**Q** 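Structure provided below as structure tokens; questions to follow.
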Amino acid sequence: MERETPPGEDRARLILPQLRLDDLLAELQVRLEAARGTRDRVHSLLEAVVSIGSELDLETVLRRIVEAATTLAEARYGALGVIGEGGERLVQFVTVGVTEEEIAEIGHWPHGHGILGLLIKEPHPLRLPDLAEHPESYGFPENHPPMRTFLGVPIRVRDEVFGNLYLTEKLSGGDFDEEDEVVVTALATAAGVAIENARLYEETRRRERWLEASAEISTALLSGTDQREVTDLVARRAREIADADLANVALVAGPGEGFVVVAADGVGAQDLRGLRVPVDHPEAGAVYATGVPLRVADGGTAARAARVPEGLEVGPLLIVPLGQGPAARGVISVINRPGGAEFSDATQRLVEAFAAQAAVALELAERRRDTERLALLEDRDRIAKDLHDTVIQRLFATAMTLMSTIKLAPRPDVATRIQRAVDDLDDTIRQIRSTIFALQAAPGEENLRSRLYSIVDTAAGHLGFAPSVRLDGLLDTVVPDQVGDHLLAVVNEALSNVARHARASEAVVSVEVDDDLVLRVEDDGVGVPEGGRRSGLRNMEQRAVNLGGSFTVEPRPGGGTLLLWRVPVDEQL
């Protein structure tokens with residue numbers, strides 16, 4: 001006999017399959033959402049890979065990597081720490097999520113201690129629910145934003161660990177999960193390829209700049225460009241090659257003397273130009289003496305030893321020699337500010353090669369200038385000989401002929417004119433001799449004759465006209481330095497008096513050297529006023545007396561003043 005089924009049991013049988021179907025549909029919905037989320041995440045990952053792979057500037061690539069990682073892992077803060085070539089510390093830190101004001105309050109980026117140092121020593125993915133609970137935790141500096149959850153993933157470029165990605169603070173408030181780790185690890189793999197491409201591109205660009213700079217320096221020097229302009233160009237190009245904040249060229253002032261910064265380019269360049277650095281400077285002196293480049297992460301000590309102005313902060317520093325051995329001329333330094341990137345081996349090689357090329361170009365340019373100077377001296381010596389052996393002899397013979405003609409002149413006025421012509425010829429001979437002495441001096445040589453001309457040229461601006469100059473005798477070889485200094489001071493004072501008081505329209509400076517050194521300064525002015533100040537005249541007289549000589553000032557026939565300053569030469573030797 002069959003049992004009757006209660007109405008409630010039939011209803012339950014109908015409802016149970018419906019419940020199972022709802023559960024299955026709900027689970028299917030969850031899985032569809034998960035698949036959709038995974039699809040979206042993979043799509044975002046692909047977009048991130050394409051984004052970072054399409055950029056060739058290394059700094060931009062690094063920032064895009066951090067931005068993509070924080071987006072994919074839904075992190076509030078992200079950073080990429082670049083490991084130095086020694087593999088022990090961070091040399092660059094690119095952050096996302098931290099404002100510039102917060103960075104300034106923190107003071108400096110991490111150098112690789114604590115958890116960050118653990119990832120450097122053990123480059124494997126690391127997930128932590130709470131940073132503070134890990135035994136390697138080093139803590140945060142003052143003013144650092146609070147951070148708890150953490151995900152760290154290394155970035156490899158070929159077989160080298162380039163740096164690490166650091167992500168903290170999941171936006172949802174939870175922990176970073178395994179899927180986050182997988183996605184960020186995949187991004188790090190693609191980032192390694194993008195970084196390698198950017199580094200190769202950057203090195204290629206630097207080599208191009210090196211080739212362009214070397215060619216530009218050589219062309220400028222060998223085309224006769226002023227050496228000061230060339231050293232400025234060397235400093236600018238060195239900074240560009242190294243991608244540095246500042247570069248300078250320091251040349252040795254002389255044997256046993258220190259360095260002088262002759263050119264600088266970049267931030268704070270004006271504070272370095274003209275700076276004198278001791279020859280025994282521990283860094284620059286060592287590079288100059290040994291010819292071995294020096295690279296330091298913090299150049300603060302070197303800056304203090306060089307007496308660099310306090311306002312100029314020095315961080316990473318690279319010093320390379322400008323020439324080797326006997327041809328060494330100085331050093332080239334490239335500098336980054338504190339917190340800037342350290343200089344790599346590749347950068348050092350390029351700057352070192354550039355400095356070597358610049359040193360060779362400087363050496364060739366100097367040899368060329370020596371050759372040109374020698375040719376000029378030979379040409380001037382030939383002209384001087386022609387003047388002495390031909391022109392002066394003919395003028396002297398003409399003067400002798402005229403002297404003999406005076407006796408035959410029937411009228412006194414004719415004899416006077418002939419005598420005047422003879423005097424003019426004598427004066428012309430003296431001027432030619434002075435020109436001969438000037439021609440025999442090396443171009444640019446600082447001697448008594450050139451210094452005297454310099455004083456006269458300067459006085460011309462105050463006088464309103466150029467004084468006539470007559471120099472006769474061995475002025476540069478016979479006159480001692482002490483007497484020459486007194487002579488220059490007297491000439492300067494005499495022309496200054498003419499400019500201030502004489503109201504003259506012409507002046508003549510004449511210097512003759514024989515047994516005595518005789519200076520004559522004549523003008524056509526109003527003469528020395530009675531009762532005027534005579535301190536300058538007394539100074540000139542005292543100089544003559546101290547040297548055993550004499551000094552007079554008297555009216556000149558026809559108007560004006562004649563100043564006569566005479567000192568013995570033989571007694572001063």
Side-chain angles (χ1 to χ4, degrees), residues 34 37-53 61-83 87-99 102-103 106 109-141 144-157 160-195:
T38 302
R39 182 201 64 187
D40 293 342
R41 216 165 191 188
V42 170
H43 183 69
S44 299
L45 175 61
L46 291 175
E47 285 184 344
V49 170
V50 172
S51 174
I52 63 177
V61 168
L62 297 182
R63 180 157 296 279
R64 285 192 178 181
I65 291 171
V66 183
E67 292 171 348
T70 54
T71 300
L72 291 172
E74 298 179 350
R76 182 182 303 276
Y77 304 110
L80 193 157
V82 180
I83 302 174
E88 298 178 353
R89 59 192 297 270
L90 300 178
V91 297
Q92 190 175 359
F93 208 69
V94 182
T95 62
V96 169
V98 183
T99 65
E102 290 174 323
I103 294 175
I106 295 171
W109 69 48
H111 296 300
H113 302 295
I115 301 298
L116 306 189
L118 177 63
L119 273 172
I120 295 175
K121 292 182 290 185
E122 301 176 8
H124 304 291
L126 177 66
R127 279 186 291 127
L128 298 174
D130 192 343
L131 278 167
E133 294 181 358
H134 195 280
E136 292 284 341
S137 178
Y138 197 76
F140 295 107
H144 196 284
M147 296 180 182
R148 188 181 65 83
T149 56
F150 175 83
L151 171 61
V153 175
I155 298 177
R156 286 181 169 83
V157 176
E160 167 196 359
V161 178
F162 174 82
N164 293 303
L165 269 172
Y166 309 111
L167 303 173
T168 60
E169 293 300 290
K170 188 88 168 174
L171 290 174
S172 62
D175 298 337
F176 293 104
D177 55 24
E178 185 177 354
E179 186 175 338
D180 293 325
E181 180 180 322
V182 170
V183 171
V184 175
T185 300
L187 176 68
T189 302
V193 177
I195 290 171

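Excluded from the calculations below are hydrogen atoms, water molecules and symmetry mates; all remaining heavy atoms, backbone and side chain alike, are included. Owing to the predicted nature of the structure, the values given are computational and were not obtained by experimental measurement. In this chain, numbering begins with 1 at the start of the sequence shown.
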**Q** Can you tell me how far CG of D180 sits from CZ of R127, rounded to the nearest 0.5 angstrom?
**A**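 Rounded to the nearest 0.5 Å, the CZ-CG separation comes to 8.0 Å.
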
**Q** Just verifying a value: how many Å separate L167 CG and F150 CZ, rounded to the nearest 0.5 Å?
**A**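 Here the rounded value is 8.0 Å.
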
**Q** Among L126, L151, L128, V184, which residue satisfies the side-chain contact (heavy atoms from CB on, under 4.5 Å) criterion with F176?
**A** L151

**Q** Distance check, rounded to the nearest 0.5 Å: E67 atom CD versus I65 atom CD1?
**A** 10.5 Å

**Q** For R156, what residues pass the side-chain contact (heavy atoms from CB on, under 4.5 Å) criterion, not counting sequence neighbours?
**A**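 Here the qualifying residues are P123, P154, V161.
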
**Q** Restricting to salt bridge (charged side-chain N to carboxylate O under 4.0 Å, His left out), what partner residues turn up for D175, sequence neighbours left out?
**A** R148

**Q** Closest approach of V66 and V94, non-hydrogen atoms and distance?
**A** CG2-O, 3.9 Å

**Q** According to side-chain contact (heavy atoms from CB on, under 4.5 Å), who are the partners of T185, at least two apart in sequence or on a separate chain?
**A**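 Result, side-chain contact (heavy atoms from CB on, under 4.5 Å) vs T185: P125, V153, E181.
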
**Q** Counting heavy atoms not belonging to R76, are there more than 12 under 6.0 Å from its CZ?
**A**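 It does not: R76 CZ has 12 such atoms or fewer within range.
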
**Q** Strictly distance-based, threshold 3.5 Å: is any side-chain N or O of T149 a donor or acceptor partner for the main-chain N or O of E169?
**A**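 Checking the backbone N and O of E169 against the side chain of T149, a donor-acceptor pair under 3.5 Å is found.
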
**Q** Distance from L80 atom CG to I155 atom CD1, nearest 0.5 Å?
**A** 4.0 Å

